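Report on the structure given below.
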2 protein chains.
Amino acid sequence: MADKRGSRVADRTDAIMRTTLELGQEVGYAKLSIEAVAARAGAGKHTIYRRWPSKGALFLDSLLSLNEPELNYPDTGDIEADLREQIHAAVDLLSKPPLGPLYQALLVEAQQDPQVAEALNERFIGPQEEKTIARLRKARDQGQLSSDFDLSLAMALLSGPFYFQVLIARQPLTREYVDRVIEAVFAGIGPKAPKTAGG
Amino acid sequence: MADKRGSRVADRTDAIMRTTLELGQEVGYAKLSIEAVAARAGAGKHTIYRRWPSKGALFLDSLLSLNEPELNYPDTGDIEADLREQIHAAVDLLSKPPLGPLYQALLVEAQQDPQVAEALNERFIGPQEEKTIARLRKARDQGQLSSDFDLSLAMALLSGPFYFQVLIARQPLTREYVDRVIEAVFAGIGPKAPKTAGG
DNA sequence: AAGTCAACACGGCACGTGCCGTTCCGCTAT
DNA sequence: ATAGCGGAACGGCACGTGCCGTGTTGACTT
């Protein structure tokens with residue numbers, strides 16, 4: 001039976017998503033076409049269009065279906081060490097092949113398609129942020145952070161430089177770079193001696 | 001003579017670039033087609049393809065032809081105040097209509113087209129970085145920055161959160177947010193009491 | 001100095017290709 | 001019977017490339 005007509009819906013859906021990732025890795029997201037996905041997956045285009053409203057939605061679902069990103073925070077009591085650990089893991093996962101290029105493409109697509117942006121935030125970035133903020137909150141309660149700090153601002157300070165490095169500067173994200181950013185975000189770039197008093 | 005054949009090359013080039021920006025604002029970068037630019041500019045597609053290898057290159061040239069971004073640093077002696085001033089100006093220019101959406105689209109295109117990325121870095125982002133770094137260096141020499149600091153890292157710490165806010169969090173860039181980021185980057189998110197030695 | 005002309009750039013048109021999103025058809029498992 | 005499927009075909013759009021007739025330009029002739 002070379003045909004898959006009538007097989008279980010979930011199987012068909014999985015096959016399409018797997019093919020999407022496969023083709024995405026081969027030709028890149030930009031050149032990925034629904035037509036090609038349908039052809040390789042042995043599916044009708046209609047079957048794809050029935051389930052996903054856009055290429056971006058299909059791609060997002062496909063990526064999230066991997067469900068790998070169980071990026072949970074360690075909690076050793078040392079917030080800087082835990083952040084390093086966590087960010088190293090995230091970097092390993094999201095900035096290197098095979099997932100890196102795909103995740104990056106998804107960020108690009110999110111810029112162009114508000115629906116994808118919303119879904120991405122809701123289903124991936126948001127939850128990750130919450131985990132980070134929860135961990136930061138605990139640290140703040142333990143006096144490891146400036147007490148009056150807006151935690152979502154801290155989030156941005158910690159994440160921004162990495163996105164900057166990848167998306168704008170287009171430089172590789174090394175562990176050393178991660179460590180330097182974390183250290184600097186904690187210490188600040190101001191002079192070591194307090195600003196207020198004479199330095 | 002409704003025809004522009006043989007008129008000066010620079011005029012034709014300008015007309016095409018102006019039309020590109022115009023159409024870009026109307027339909028957005030994604031739906032911008034060279035065909036439409038040619039039609040509205042009263043130009044042949046060849047004339048466009050002859051000068052620009054890609055839609056991205058045309059768009060980049062068109063944006064840079066505005067030549068507005070003379071974002072030069074003030075130097076009042078107070079690095080934090082100068083950074084605020086400078087970043088406020090940059091934010092006003094690059095995150096609000098009419099240029100904001102176009103600049104954002106250019107960043108997106110740079111993700112997909114390495115040639116555009118390189119040109120963008122070389123002709124816009126790079127020079128701006130250099131100005132910032134030069135100003136930071138002066139501040140460091142005056143003792144307003146931690147003395148052993150890598151200035152390009154400071155660059156990333158200062159820029160990253162803003163790109164994050166726009167591209168990832170998709171939130172508006174307010175002056176208040178800018179001020180909070182700058183303050184935090186200087187002070188650090190660590191506890192107020194100095195970690196290293198007694199202040 | 002005035003006239004001439006080949007080279008060049010141009011606008012416009014048409015072509016073949018690729019992918020879009022949709023529609024129809026025949027098949028198959030339920 | 002019905003609903004979902006694979007597959008084929010559709011019209012539409014934009015791509016990038018040829019070709020054509022036309023206008024401008026600058027070097028050469030007179």
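Here the structure is a predicted model, which is why all the values come from computation and not from measurement. The chains referred to below are lettered A, B, ... by the order of the sequence lines, with proteins before strands, and numbering in each begins at 1. Atom set for the values below is all heavy atoms of this structure, side chains included, hydrogens, waters and symmetry mates excluded.
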Nearest 0.5 Å, what's the CG-CZ distance between B:Leu94 and B:Phe162? 12.5 Å
Starting at the 5' end of DNA chain D, which residue's closest nucleotide do you reach first, B:Ala36 or A:Lys45? A:Lys45
Shortest side-chain distance from A:Arg50, nucleotide among C:dG21, C:dG11, D:dG4: D:dG4
Can you tell me if the side-chain N/O atoms of B:Thr47 get under 4.0 Å from OP1 or OP2 in C:dA9? no
B:Tyr49 OH to D:dG18 C1', in whole Å, measures 14 Å
Using the six-membered ring wherever Trp is involved, compare the ring planes of A:Tyr103 and A:Phe124 and label them parallel, tilted or perpendicular (cut-offs 30° and 60°). perpendicular
Can you tell me if A:Lys55 uses its side chain to pair, donor with acceptor, with the backbone of A:Ser33 under 3.5 Å? no
Under a 3.5 Å threshold, yes or no: a donor from one side chain and an acceptor from the other, between A:Ser147 and A:Arg140? no
Checking D:dC15, C:dT23, C:dC10 against the side chain of A:His46 (C-beta onward), the nearest is C:dT23
Tell me which residues in residues 23-35 of chain A put a heavy atom below 4.0 Å from DNA chain C, sorted by number, or none. A:Ser33, A:Ile34, A:Glu35
Per the end-axis method with five pairs at each terminus, what is the bend angle of the helix from C:dA1-D:dT30 to C:dT30-D:dA1, to 10°? 10°
Could you check whether any side-chain heavy atom of A:Ser146 comes within less than 4.5 Å of a side-chain heavy atom of B:Ile189, counting everything from C-beta outward? no
SB check A:Glu22 A:Arg18 (cutoff 4.0 Å): no
